[in-house]
Amino acid sequence: PYIGGEGGVMKLNGYEAQLKPILDELRLYLMRQGGKKDVAEDIVQDVFVKVLEMDLFLPPNKVKPYMYRMAKNRYIDYYRRRQKLQSILTTYLIPQSPTAHPGIINRLDPDISRAMARLSSKERELLKLKYLDEWSINEIAVRQHKRPSSIKMQLYRARKKLRKVMAENDE
């Protein structure tokens, strides 16, 4: 049996082949819970890798609940991180009307304001498109005439830079 994906095809053997139907169920479960397809696929792939990296093999009746628990926890973590990032971006990326709440950014949290100011305009725009405007990776890639993998990497680097700058501010 084989498992497909955008990155190509990987041959499955034994235990991995037994996990495939569970992975398909997990992906559908996460999408029914409100997750976007690309997020559900990323989480399912992460769960699959973690289960394969375990030193022990669980029987199918035990691995399925374990995988569901792990996927649910990862989805909740993703959702919390996204909510926090969306809150920061809403506060610091949406242009403020000069007449409505002048200087609100500086009064709310100068550390985050300084951190956002240290991002390039391209990084801020990319974060805005993804998390405020809720564009998909593919939509952003088409708009910017780049490959989706390039956009994913740019988003990863922008988030990493924001975390680093905010950690420096905490010190």
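Legend: salt bridge (Lys or Arg N to Asp or Glu O under 4.0 Å) pairs involving residues 66-79, not counting sequence neighbours, sorted by first then second residue: Asp46-Arg74. Identified under the salt bridge (Lys or Arg N to Asp or Glu O under 4.0 Å) test for residues 130-140, with sequence neighbours left out: Arg82-Glu134, Lys128-Asp133.
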Open item on the list: Pair Leu52, Leu19 - check side-chain contact (heavy atoms from CB on, under 4.5 Å), show working.
Closed with: CA-CA 10 Å; Leu52 290 179; Leu19 297 177; 4.1 Å; yes

Open item on the list: Could you walk me through whether Lys50 and Met67 satisfy the side-chain contact (heavy atoms from CB on, under 4.5 Å) test, starting with their C-alpha distance in whole Å, then the side-chain angles of each, then the deciding distance to 0.1 Å, before giving a yes or no?
Closed with: CA-CA 9 Å; Lys50 294 294 180 193; Met67 290 174 71; over 6 Å; no

Task: Derivation of the side-chain contact (heavy atoms from CB on, under 4.5 Å) call for Val165 and Leu119 - done: CA-CA 9 Å; Val165 169; Leu119 295 178; 5.6 Å; no

TODO: Might you work through the side-chain contact (heavy atoms from CB on, under 4.5 Å) test for Gln154 and Ile140, ending with a clear yes or no?
DONE: CA-CA 11 Å; Gln154 289 176 356; Ile140 297 169; over 6 Å; no

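Taking both residues in full, the closest heavy atoms of Ile43 and Ala71 are given as CG2-O, 3.9 Å, listed atom of the first, atom of the second, then distance. Across all their heavy atoms, Arg124 and Ala117 have their closest contact at NH1-O, 3.7 Å. When all heavy atoms of Pro148 and Ala141 are compared, the pair lying nearest together is N-CB, 3.8 Å. Scanning both residues, Ala40 and Met31, for their nearest heavy atoms gives CB-CG, 3.7 Å.
Between the CG atom in Asn138 and the NZ atom in Lys152 there is a gap of 8.0 Å [rounded to 0.5 Å]. Atom CZ of Arg27 is separated from atom CD of Gln45 by 13.0 Å, given to the nearest 0.5 angstrom. To the nearest 0.5 Å, atom OH of residue Tyr68 and atom OH of residue Tyr75 are 15.0 Å apart. The structure places OH of Tyr78 at 8.5 Å from CG of Asp42, a figure rounded to the nearest 0.5 Å. Taking OG from Ser120 and NZ from Lys161, the interatomic distance works out to 5.5 Å, rounded to the nearest 0.5 Å.
In summary, of the residues considered (Leu129, Ile151, Val142), a side-chain contact (heavy atoms from CB on, under 4.5 Å) with Ile137 occurs for Ile151 alone.
In this structure, Trp135 and Arg143 have side chains that are in contact, with non-hydrogen atoms separated by less than 4.5 Å. Proximity of Lys160 to Tyr156: side-chain heavy atoms (C-beta onward) are separated by under 4.5 Å at one or more points. Side-chain contact between Val51 and Met70: present, with at least one pair of heavy atoms (C-beta onward) separated by less than 4.5 Å.
Heavy atoms from other residues, nucleotides or ligands lying under 6.0 Å from NZ of Lys122 number 12 at most.
Hydrophobic clustering (side-chain heavy atoms under 4.5 Å, transitive across Ile, Leu, Val, Met, Phe, Trp, Tyr) keeps Leu28 apart from Val39.
Contacts of Tyr66 classified as ring-ring contact (aromatic ring centres under 6.0 Å, His included), with partners at least two apart in sequence or in another chain: none.
For the pair Glu123 and Arg157, the salt-bridge criterion is not met [side-chain N within less than 4.0 Å of a carboxylate O].
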